[in-house]
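Below, chains carry the letters A, B, ... as their sequence lines are ordered, and counting in each starts from 1.
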Protein chains: 2
Amino acid sequence: MATSFRSPTASQKRLPERKRGAGVKYVYDTLRGEILDLVLPPGTPIDESQLAERLEMSRTPIREALVRLAGDGLVTTLPNRSTVVSQIDFMNLHNFFDAITLMYRVTTRLAGENRTDEDLEIIRAHQAAFIRAVEAQDARSMLATNRDFHAAIGEAGRNPYYQSVFLRLLDEGRRILRIYYSSFDDRLPGPIVQEHEAMIEAIAARDIDACDQLAKAHADQIVAQIQTMLTRDRRQAIAL
Amino acid sequence: MATSFRSPTASQKRLPERKRGAGVKYVYDTLRGEILDLVLPPGTPIDESQLAERLEMSRTPIREALVRLAGDGLVTTLPNRSTVVSQIDFMNLHNFFDAITLMYRVTTRLAGENRTDEDLEIIRAHQAAFIRAVEAQDARSMLATNRDFHAAIGEAGRNPYYQSVFLRLLDEGRRILRIYYSSFDDRLPGPIVQEHEAMIEAIAARDIDACDQLAKAHADQIVAQIQTMLTRDRRQAIAL
DNA sequence: TGCATACTCAGTGTCGACAAAATTCCTGCG
DNA sequence: CGCAGGAATTTTGTCGACACTGAGTATGCA
């Protein structure tokens, strides 16, 4: 099965069937989603030919997507060998904690300074989506919407340099938290919802000090959650 | 001219002449250097076929290098159109100043915490190279070695997340400063050399507070230099 | 039986060619 | 003379093919 869904007779010459340039984006988005949701766990080798066959396109757009993912740090290219999903460096998680705490603070502060009313609407929409995911107890959706919520705050901060690291950290955090939620099975994510609400209020009120304080508390809370998870179930974490 | 330097008769089949996988790196390094030195000014369109001809390889490795450069933010890809060297956003330089000041501080602090003796040797070697460039009044080399000096400090900090932004900021700073040095013609770069020496001392002594203070002073000084340049010669800056 | 060497093969890196999209140039009309 | 429409050209995006690399396997020798 899955050899071809196309009509075997009608494809006499070639049917583009898909817009020029959309192929790369599709591969990129698909792989990125599967990596962040741990459908492709760290260390998984990615075979270009196999992917090309599965997604029904040539290896060229596949390779371009992989190069972009390598730029994001989500995959690692071993020269003349396969490219693999990047490992999560559990030995140096403190680097991650340190950086994401600082970036939470910086981006939330900047959002308090530079946000427009439109930014606020977008942020609130993401928070609403996050709440829906929490109520539905859908871990995958929770992680994705939580990431989008903070990414929107970063956007409102209007500093592309900070935003580039921040997005990278949020993606890495999504992978790390995915381990947590897969081992504790879609439970309520602590006081995250209320913390988000407080952050929105502070950003709306342009209260920079409150933004900083709330962001730090939020970061500390998440870091504490992850550390608790790691000490409770160290074996699984190390296995990955 | 420049059609081919190879023997026209001997190339009956094909001569690799170059290691597998080295092509992409060569294109990437070459273009990156030319972009950072403003040999390719912002807005310059990059023609794949032309580059392929000049560097004597197919378009495939050229395209891969361009995708990587786009990931670094050095070029901008316009879908179905040419890719161009990224513009410098002079209207929002405060974002750059804000971010690089913070990253100078963070990386120098971390270097003070985590540096090894080997790190210190590498940093001192880069500082020596920088001094040589200053004495030779070679602006291009000054900018490159200054960038490498701070990059080495970032490496000693041992936090890849910070390092990824920091490198990006240093590269952008190299482009911005290149305008400065091209308009003021290779003059002495203010008190940068002494500031570097003081930073090395603080890192060697593991004096975190001094690291932070010196990094902030260094950043402020460079920001002030750039701002002075911009107010003196606004036309040239805006022209770019 | 253990180890070094040669062979096989799956998989990447590069190439040349074709097709789609966009720009440019030309032509005809007002 | 200016402008709209269309043809020609330029340039990018995608494809299939092939050579080279490294890993796994088999083979021969001690």
Side-chain angles (χ1 to χ4, degrees), chain A residues 3-6 8 10-31 40 43-71 74-86, chain B residues 3-6 8 10-31 40 43-71 74-86:
Chain A
T3 51
S4 178
F5 285 178
R6 297 175 186 171
S11 63
Q12 49 185 7
K13 275 219 167 176
R14 214 168 61 84
L15 38 163
E17 237 178 53
R18 152 172 51 86
K19 277 181 190 169
R20 211 175 137 84
V24 173
K25 183 172 172 17
Y26 178 66
V27 178
Y28 176 84
D29 290 340
T30 302
L31 281 181
L40 299 176
T44 306
I46 297 180
D47 186 304
E48 295 176 4
S49 317
Q50 189 179 326
L51 250 182
E53 192 178 356
R54 179 157 77 91
L55 301 185
E56 297 190 348
M57 65 184 71
S58 129
R59 273 178 53 223
T60 307
I62 308 278
R63 277 180 70 81
E64 179 170 336
L66 288 179
V67 170
R68 303 230 308 247
L69 288 168
L74 291 178
V75 304
T76 305
T77 303
L78 312 176
N80 282 319
R81 237 156 346 204
S82 68
T83 92
V84 300
V85 177
S86 294
Chain B
T3 50
S4 177
F5 286 177
R6 298 173 184 172
S11 63
Q12 49 184 7
K13 275 218 167 177
R14 212 169 62 81
L15 38 165
E17 237 178 53
R18 152 174 50 87
K19 277 181 188 168
R20 211 175 136 86
V24 174
K25 183 173 173 12
Y26 177 65
V27 178
Y28 176 84
D29 290 339
T30 303
L31 280 181
L40 299 176
T44 307
I46 298 179
D47 186 302
E48 295 175 4
S49 315
Q50 189 180 324
L51 250 181
E53 192 179 355
R54 179 157 77 91
L55 302 184
E56 297 190 348
M57 64 183 71
S58 127
R59 274 178 52 224
T60 307
I62 306 277
R63 278 180 70 81
E64 179 171 336
L66 288 178
V67 170
R68 301 230 309 245
L69 287 168
L74 291 179
V75 303
T76 305
T77 304
L78 312 175
N80 282 321
R81 232 154 344 192
S82 68
T83 90
V84 299
V85 178
S86 294

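- Between the P atom of dA20(C) and the CD atom of E48(B) lies a distance of 18 Å, rounded to the nearest Å.
- Residue R63(A) has no polar side-chain atom (N or O) positioned under 4.0 Å from OP1 or OP2 of dT12(C).
- The only option from I46(B), V24(B), D47(B), L55(B) that meets the side chain to side chain contact (heavy atoms under 4.5 Å, CB included) definition with I62(B) turns out to be L55(B).
- V27(A) places a side-chain heavy atom less than 4.5 Å from the side chain of M57(A).
- Each of P79(A) and Q50(B) was assigned the nucleotide of DNA chain D with the nearest heavy atom; the assignment lying further toward the 5' end belongs to Q50(B).
- The CD atom of E64(A) sits 13 Å away from the P atom of dT12(D) (whole-angstrom rounding).
- Whole-Å rounding puts the L51(B) CG to dT11(D) P distance at 12 Å.
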Report the C-alpha separation of L66(B) and L31(B) in whole Å, then their side-chain angles, then the decisive distance to 0.1 Å, and conclude whether the side-chain contact (heavy atoms from CB on, under 4.5 Å) test is met.
CA-CA 9 Å; L66(B) 288 178; L31(B) 280 181; 3.7 Å; yes
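- For the pair K25(A) NZ and dG13(D) P, the interatomic distance rounds to 15 Å; values are reported in whole Å.
- Here the C1' atom of nucleotide dT14(C) and the CZ atom of R20(B) are 8 Å apart, to the nearest Å.
- Checking the phosphate oxygens (OP1, OP2) of dC15(C), a side-chain nitrogen or oxygen of S58(B) falls inside 4.0 Å.
- In this structure, CG of L78(A) is placed 14 Å from C1' of dG13(C), rounded to the nearest angstrom.
- Below the 3.5 angstrom threshold, one finds a donor paired with an acceptor across the side chain of R59(A) and the base of dG13(C).
- Looking at heavy atoms from C-beta onward, E48(B) lies out of side-chain contact with L51(B) at the 4.5 angstrom threshold.
- Closest contact between the side chain of D47(B) and the listed nucleotides dT12(D), dG11(C), dT14(D) involves dT12(D).
- I62(A) comes within contact range of no nucleotide atom at all, as no heavy-atom separation falls under 4.0 Å.
- One can place CZ of R81(B) at 11 Å from P of dT24(C), the figure rounded to the nearest angstrom.
- Note that the NZ atom of K19(A) and the CG atom of N80(B) stand 11.0 Å from one another [nearest 0.5 Å].
- Taking atom CD on E53(A) and atom P on dG16(D), their separation rounds to 12 Å, with Å as the unit.
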